[in-house]
2 protein chains.
Amino acid sequence: MTFGEYIREIREEQQLLLREVASQMNIDTALLSKIERGTRMARKEQAEALAKVLKQNKNELLQFWMADKIVFMLKDEKNITEILKIVEQKINRLSKK
Amino acid sequence: MTFGEYIREIREEQQLLLREVASQMNIDTALLSKIERGTRMARKEQAEALAKVLKQNKNELLQFWMADKIVFMLKDEKNITEILKIVEQKINRLSKK
DNA sequence: TTTTGACTTGTCAATATCTGTCTAATGTAA
DNA sequence: TTACATTAGACAGATATTGACAAGTCAAAA
């Protein structure tokens with residue numbers, strides 16, 4: 001599930017309209033629509049605003065948002081697993097220092 | 001080890017000058033210097049050119065390059081491990097489809 | 001059928017970021 | 001000093017991102 005699908009689900013559970021949420025975020029309805037549909041990526045501040053409006057845990061939502069960005073970067077790669085292994089090695093070495 | 005450190009190491013092993021490699025890549029020496037020192041990120045085509053000039057396996061080097069980009073995105077995050085877990089879950093679901 | 005309301009799409013200008021080069025600086029060995 | 005390799009900083013041009021607007025679709029209500 002993408003970030004957009006996720007927040008759409010939450011918004012619909014809470015029976016909120018795009019226009020209501022967008023208004024509280026101070027953005028255009030069209031932009032929020034695009035974010036939910038994945039044709040635009042939310043900015044960090046927008047992800048934070050969404051957490052607030054939808055009453056979600058901010059850090060959790062931001063993690064989900066960041067994961068989405070990474071998946072987006074990787075989605076057309078051939079050896080995703082291999083790349084992620086390298087990432088983990090690099091991260092492990094970083095954290096040791 | 002970062003992408004830049006890695007290619008610098010290889011270049012020095014081969015006793016090539018920045019200017020020689022940069023020239024073969026059709027970029028300014030200063031730019032290659034920055035890439036090696038990590039103050040600039042190589043573009044994909046530049047990573048490919050480096051593989052060629054330094055006679056490295058192109059796919060391997062590109063994987064390393066991509067991993068570097070991801071590490072760069074993650075480096076200031078708090079819960080990197082958690083984020084990577086989410087990424088892996090998302091990727092697994094993607095590949096099942 | 002017409003209207004209404006929710007949502008979506010395409011386009012565009014403004015802005016932000018990225019890129020590569022140039023010049024000047026630094027370092028170093030002869 | 002001179003010569004050469006590398007690095008730093010600043011800049012303009014290229015690209016990408018952003019948010020808004022207007023027009024579109026669609027379904028349900030009137």
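Labels below follow one simple rule: chain letters A, B, ... track the order of the sequence lines, proteins then strands, and each chain is numbered from 1. For the numbers below, each heavy atom of this structure counts, side chains included, while hydrogens, waters and symmetry mates do not.
- Sorted by first and then second residue, the pairs that involve residues 5-63 of chain A and meet ring pair (Phe, Tyr, Trp, His ring centres under 6.0 Å), not counting sequence neighbours, are Tyr6(A)-Phe64(A).
- Taking CG from Leu94(A) and CG from Asn92(A), the interatomic distance works out to 9.0 Å, rounded to the nearest 0.5 Å.
- One distance of note links CZ of Arg40(A) with NZ of Lys34(A); it measures 5.0 Å at 0.5 Å rounding.
- For the salt bridge (charged side-chain N to carboxylate O under 4.0 Å, His left out) test, no residue two or more places apart in sequence or in another chain qualifies with Arg37(B).
- Between Glu88(A) and Glu88(B), some side-chain heavy-atom pair lies under the 4.5 Å cut-off.
- Within the model, atoms CD1 of Ile10(B) and CZ of Arg8(B) stand 12.5 Å from one another, a figure rounded to the nearest 0.5 Å.
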Detail all sub-3.5 Å separations between protein N/O atoms and N/O atoms belonging to nucleotides 22-26 of chain D.
none

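- A 4.0 Å heavy-atom criterion places the boundary nucleotides of DNA chain C facing chain B at dT19(C) to dC22(C), written 5' to 3'.
- Rounded to the nearest 0.5 angstrom, Met1(B) CE and Glu9(B) CD are separated by 4.0 Å.
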Show me the protein contacts with nucleotides 28-30 of chain D, counting only N or O atoms at under 3.5 Å.
none

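- Pairs engaging residues 66-85 of chain B under the ring pair (Phe, Tyr, Trp, His ring centres under 6.0 Å) rule: none recorded [sequence neighbours left out].
- Within residues 33-53 of chain A, the residues approached by DNA chain C to less than 4.0 Å at the level of any non-hydrogen atom are Ser33(A), Lys34(A), Arg37(A), in residue-number order.
- Atom CD1 of Ile91(B) sits about 12.5 Å away from atom CD1 of Ile86(B), to the nearest 0.5 Å.
- Counting heavy atoms from C-beta on, the side chains of Ile70(A) and Leu74(B) come closer than 4.5 Å.
- Atom CD1 of residue Ile7(B) and atom CD of residue Gln14(B) lie 11.5 Å apart, to the nearest 0.5 angstrom.
- Put simply, the side chain of Leu54(B) does not reach to within 4.5 Å of the side chain of Leu61(B), judged on heavy atoms.
- Among pairs with a residue in residues 49-78 of chain A, those fulfilling side-chain hydrogen bond (donor to acceptor under 3.5 Å, both in side chains) read Asp68(A)-Lys90(B), at least two apart in sequence or across chains.
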Can I get a per-line list of side-chain donor-acceptor pairs under 3.5 Å for residues 17-33 of chain A, giving both atom names and the distance, sequence neighbours left out?
{"from": "Glu20(A)", "atom 1": "OE1", "to": "Leu17(A)", "atom 2": "N", "distance (Å)": "2.6"}
{"from": "Asp28(A)", "atom 1": "OD1", "to": "Ala30(A)", "atom 2": "N", "distance (Å)": "2.8"}

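- Rounded to whole angstrom, the span from the CG atom of Leu31(B) across to the C1' atom of dT7(D) amounts to 12 Å.
- Note that the two end axes of the helix from dT1(C)-dA30(D) to dA30(C)-dT1(D) enclose an angle of 10°, each drawn from 5 base pairs, rounded to 10 degrees.
- The neighbour count for Glu13(A) CD, taken as heavy atoms of other residues, nucleotides or ligands under 6.0 Å away, is above 12.
- Of all the residues in residues 2-20 of chain B, Arg8(B), Arg11(B), Leu17(B), Leu18(B), Arg19(B) reach under 4.0 Å from DNA chain D with at least one non-hydrogen atom.
- Residue pairs meeting the ring pair (Phe, Tyr, Trp, His ring centres under 6.0 Å) criterion with at least one member in residues 42-61 of chain B: none, sequence neighbours excluded.
- For Glu45(A), the CD atom is densely surrounded, since the number of other residues' heavy atoms within 6.0 Å is greater than 12.
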